Amino acid sequence: MLVRSALPWVRRGSRRDAGRPIGAALRYRAPALLGAALALLLGCSGAAQAPPARAARVVKTPPAQPKAPAGPPLLPAHVIAELEDEDATPYLARRGDEALLLYTAGGRWRTRILGADGAPRGEALEAGPAAADVPVAALRATPQGYIAAWIEQAEGSRAVRVLSLDPAGKPVAPASLVAQTAEEITWLDVLPNAAGALVLWEMPRDAQGHVDSVDVVMTVVAQGKGAASKPTAPASVAREVLGWHAVATERGAAVALVLPPAAQPPRAERKPARKADAEDAAEAGKLGSIALVEIDAAGKVSAPVAVSPEPTAQIDLEIAAVGGRYLLTWTDERDIDSAVYLAAVEPGGKVVVAPRQVTPPSGEQALVSLVAPSEGGGRALLAWEDLLRARGGDREGGGAEARGAGRLIHLASVGPDGALSAERGALVFSASGPPDLAADGDGFAAVTLAPATLKADRGGTAAPPVWPTFVRFGPDLSVRAAEPVRAAPFAATDGVPYLVRGLSCHRGACATLASAAAGAGAQPGGAGKAGAAGARAPLALVSLPVRESAWRAPAFREDKDPPPRATAVRALAEGDHIARVAAAELDGGAALAAWVTYFVEGASDGAPRGQDLGATLAVRAASPAGLGKLNVLSQKASSLGGVAIAAAPPPPADPKGKGGAAQGESVVAWVARERGETQVYVTKVDATGAKIAQKKLTTAARKKPGGAPSEASDVAIAYDGAGGFIVAWVDTRDGNAEVYAARIDRALNRTAPDRRITNAPLDAAEVQIAVRGQEAWLVWSDARPAGDGASGAGGPSGEASGDVFLARLDAKTLQRIGDEARLHASPEHSRSPVLAPLEGGVVVGWVDEPAGESAPGGGAPAGGIARFVRLDNSGAAQGAPVAVASPDGAAVSSVALACDKVCRGVLASAPGDSVVLNALILSPGDAAAPSLKPLAWLTGSASQDVSPAFAGRSGASLFFADDSVSGSGRVRWMTIAWP
């Protein structure tokens, strides 16, 4: 891999990269403040949309950097060559304690032997002519020496050539022409074995104007003690596959394939692509089954063995040899969320570990890399990314994170049984694509692009420079060493190279290739300005030692991360965008989630004549045992009506011991639109979410002659503790929007008539309800002016401040107890209230946002905050509300609250173009604002209200709305570990 300074990301080479979320799909993970991007172009896989061919992995250092920290020493390095083109790709292969460098200069291939310390041994040797355009090459060590292969492009023709080299890097014979064609050849690799090597390359096959599949072709290169034999004629390995990856074995090679389904479903029936960009959608939407073929040293190809027959695999398949078995891993879409799957196959084709999800469920996931163990066995390294997990950052000192530091790549070792280690590591990566990873003895090494900060520098306000940085991991993924890649040959740029690539380790010593920009040599002040005629780019081999360092590591042991933290994230539904989510706790740790989709009234004419078309209302059970059946209760719901759900315990048996139920029942409150009118409905469901009964709660006349029809919206519901339920909603039947309430029994019969709760000159909205003993407490947002007679502090008389109000009702009669109370008067617009019972009262939270225009993209005005206040049994505030601002002053969009002995909350905010969920804890009596810890960065846009809702008082289960990477709406379930 190559790590370089700021290079705009471009799609190149194999479609293997297209299958994982890079580019647009990861724009949520690559913070703009870093200004860095990565072109990491992987080996051995499918074909590209257009062939610039895939190069080695590259990280490029951003050109505009803050001032470098002073003091820490540079890394040992040896200048081993000078490159005529700063972007030219050198190739390095290790063979025992030595290594061979292959590069081009003056139109010739050149080789140079390097010692164990990285120092050159003698001068460079000429190895033959080099074409002007060599998009891809490969160099591998063999028992007899080395074998190099490359693709040449000239005058519309593509050719594959192979060159055999002795242990000193001297050509055994001139390069052999293996294949020449007018068709595209986009990738190749050399797979050495005991007798020589297999050279594999791919040729894309076009269908309807884009690359639809690739052919995999090979040649056999025998290498003896004398001259190398002529490579065999090209032969087919596989035809029209979606993707591939190969691993060398002593017997030959094993090739993992992504096969297209027997028949592609109609485009309208396919799952949405996992990428937002239209140019990537066709590639990302390609799914196939997984198969394995083996090739012996003579080039005989075995029959394919089906590893995963379901056509649900993305094309990012990787294979590695571990403990005498083949491990295959890929990103799979057989469930709603994409996940990393793994299977194990023995030589000969026996599947010994069936395909299974190998990583914990954490929303949409993407495979990053599978790294084979070093020589002598050991464990492989699996790297993946959770698109809904927190970004990378500083975990020292209690787990506080450096927001926006980069993506978080998860790491775990894996054995031949396919089981992941309990120890988990994480690596910060401030770019697209994968970092450079390699086996390092019994551990692993990485080169990443990350903010460079000193351990002693705490709380600095200036953005740190973003540099290529190495990390050495132990077998338990603890960090052994970490430093930026800085060396004396790059003194003109503070020791930081322009490009870093080719990480390799041998017997506990690791090194990487690094090069400067042309003309930026080691001279202080950058003597030899870039762009000058004849300027060359110094190429150095930089050692990466294990030593004490003053630099902060961009990696940490993730399994030691203290709570609060998300332990799992699963999707419950996928489809239309989600308008509102609600949840209720059931017995045994189970929960019911209900949601209503977003639907614009009158925006569609897709309904059959005479039928209403509306939002979808659905319910699904979730428990530690898994997800229940998805139950659609209605397709005539109103998005503005919202949804609420309340659970009741099992009803008691009658005096004769009959009539009791084994499980409790829940009631869903929602709003339906029929014949152009909205009415409140209640639906009783069982523990699986299946409908038991349903009734219309309101029958108000909605159509008004000469005026706008009245509407019902913003439903809320709570179990009353006495066998019934109290429903509240906002209604405009009397003119402006007012809060109403009604009481029903278990049979959904109304036991108290609709009662108007508020009477104010302006509109109420977003009512919420909780029952405490014999009282029902209602909170809502109200635009009434201050000084209108409601108790509580008020602002200047006559100003409509949009504050949060409280009313206490008798739970049986719904008569109001005392006056309404304004909980907090402020010039901001107060909205989205939540409330949670707590011993001795309740806690109410809401969002205050500055009055004014919305932020760009339709989001809330910047600078919004959340407020929380504790009320005693009489409804009196216990101190001033606690204000909680989101990190960096980002707009707060919504809050969720659950209280037991303490209150636990989740605050959704919108820094930049995405939404982050932050965890907080409020202890009784705390007057200071609680600290926030990010739980997850979502993939939906910043303008989305994710409507977080807890199920139960513990806060262990959170349900919320989000958009997938492809843009489809999803309902997600997150389990949270709290202190």
Side-chain angles (χ1 to χ4, degrees), residues 335-337 361 568-599 614-639 641-651 661-672 680-697 715-719 724-725 727 744-748 896 898 947-954 956-962 969-975:
D335 294 321
I336 297 175
D337 281 327
V569 182
R570 298 189 65 176
L572 276 64
E574 178 182 36
D576 295 334
H577 298 293
I578 308 300
R580 186 62 55 186
V581 178
E585 184 179 35
L586 306 180
D587 293 334
L592 278 180
W595 62 90
V596 61
T597 61
Y598 182 75
F599 178 80
T616 298
L617 171 70
V619 179
R620 193 170 192 181
S623 73
L627 302 179
K629 178 184 176 182
L630 192 153
N631 299 278
V632 176
L633 302 184
S634 176
Q635 292 182 315
K636 299 179 182 180
S638 165
S639 301
V643 63
I645 184 170
Q663 294 180 317
E665 298 169 337
S666 302
V667 174
V668 180
W670 55 288
V671 175
V680 178
Y681 278 72
V682 284
T683 303
K684 182 162 61 173
V685 297
D686 63 16
T688 70
K691 183 192 296 185
I692 299 174
Q694 180 172 292
K695 286 189 177 182
K696 184 186 297 187
L697 182 64
V715 294
I717 189 171
Y719 177 62
F725 298 84
V727 183
I744 58 175
D745 60 17
R746 284 184 179 269
L748 307 184
S947 185
F950 282 118
R953 303 184 63 177
S954 68
S957 285
L958 179 76
F959 296 85
F960 58 95
D962 189 26
R970 292 192 179 176
V971 179
R972 300 192 187 275
W973 170 37
M974 174 187 289
T975 54

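Model, not experiment: these values are computed from the prediction. Starting from 1, each residue takes its place in the sequence as its number.
Residues passing the ring-ring contact (aromatic ring centres under 6.0 Å, His included) test with Phe950: none are found, sequence neighbours excluded. Listed by chain and residue number, nothing satisfies the ring-ring contact (aromatic ring centres under 6.0 Å, His included) test with Trp595 (two or more places apart in sequence, or in another chain).
Under a 3.5 Å cut-off, the side chain of Lys684 and the backbone N or O of Arg746 do form a donor-acceptor pair. A donor-acceptor pair is defined here as one N or O able to donate and one able to accept, closer than 3.5 Å; no such pair exists between the side chain of Thr597 and the backbone of Ala615. Arg972 places no side-chain N or O within donor-acceptor distance of the main-chain N or O of Phe960, the cut-off being under 3.5 Å.
Taking CD1 of Ile645 as the start and CG of Leu592 as the end, the distance is 4.5 Å to the nearest 0.5 Å. Between Ser666 atom OG and Leu586 atom CG the span is 5.0 Å, to the nearest 0.5 Å. Here Tyr681 contributes atom OH and Ser638 contributes atom OG; the two are 12.5 Å apart, rounded to the nearest 0.5 Å. The distance from atom CD1 of Ile336 to atom CG of Leu630, rounded to the nearest 0.5 Å, is 7.5 Å.
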Start with the C-alpha distance between Arg970 and Asp337, add both sets of side-chain angles, then the distance that settles side-chain contact (heavy atoms from CB on, under 4.5 Å), and finish with yes or no. CA-CA 9 Å; Arg970 292 192 179 176; Asp337 281 327; 2.6 Å; yes

Please evaluate residues Leu627 and Arg620 with respect to the criterion side-chain contact (heavy atoms from CB on, under 4.5 Å), reporting the C-alpha separation (whole Å), side-chain torsions for both, the decisive distance (0.1 Å), and the verdict. CA-CA 7 Å; Leu627 302 179; Arg620 193 170 192 181; 3.8 Å; yes

Go through the steps for Gln694 and Trp670 under the test side-chain contact (heavy atoms from CB on, under 4.5 Å), then give the verdict. CA-CA 11 Å; Gln694 180 172 292; Trp670 55 288; 3.6 Å; yes

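The two atoms that bring Gly724 and Tyr719 nearest to each other are O-CD1, 3.1 Å, heavy atoms only. Nearest heavy atom pair, residue Ala583 against residue Phe959, reads CB-CD1, 3.4 Å. Phe599 and Ser639 get closest at one heavy-atom pair: N-OG, 2.7 Å. Here the closest non-hydrogen pair linking Ala594 and Val619 is CB-CG2, 3.9 Å. The heavy-atom pair separating Ala949 from Ala896 by the smallest distance is N-CB, 4.2 Å. The heavy-atom pair separating Val643 from Ala582 by the smallest distance is O-CB, 3.6 Å.
With Val682 as reference, Leu748 is the one residue of Val668, Leu748, Val715 to meet the side chain to side chain contact (heavy atoms under 4.5 Å, CB included) rule. Considering Val680, Val596, Leu617 as possible partners of Val671, the one that fulfils the side chain to side chain contact (heavy atoms under 4.5 Å, CB included) test is Val680.
Comment: Arg570 does not engage Asp335 in a salt bridge, judged by the lack of any side-chain N to carboxylate O separation of less than 4.0 angstrom.
Contact annotation: the side chain of Leu633 approaches that of Val685 to within less than 4.5 Å [non-hydrogen atoms, C-beta and beyond].
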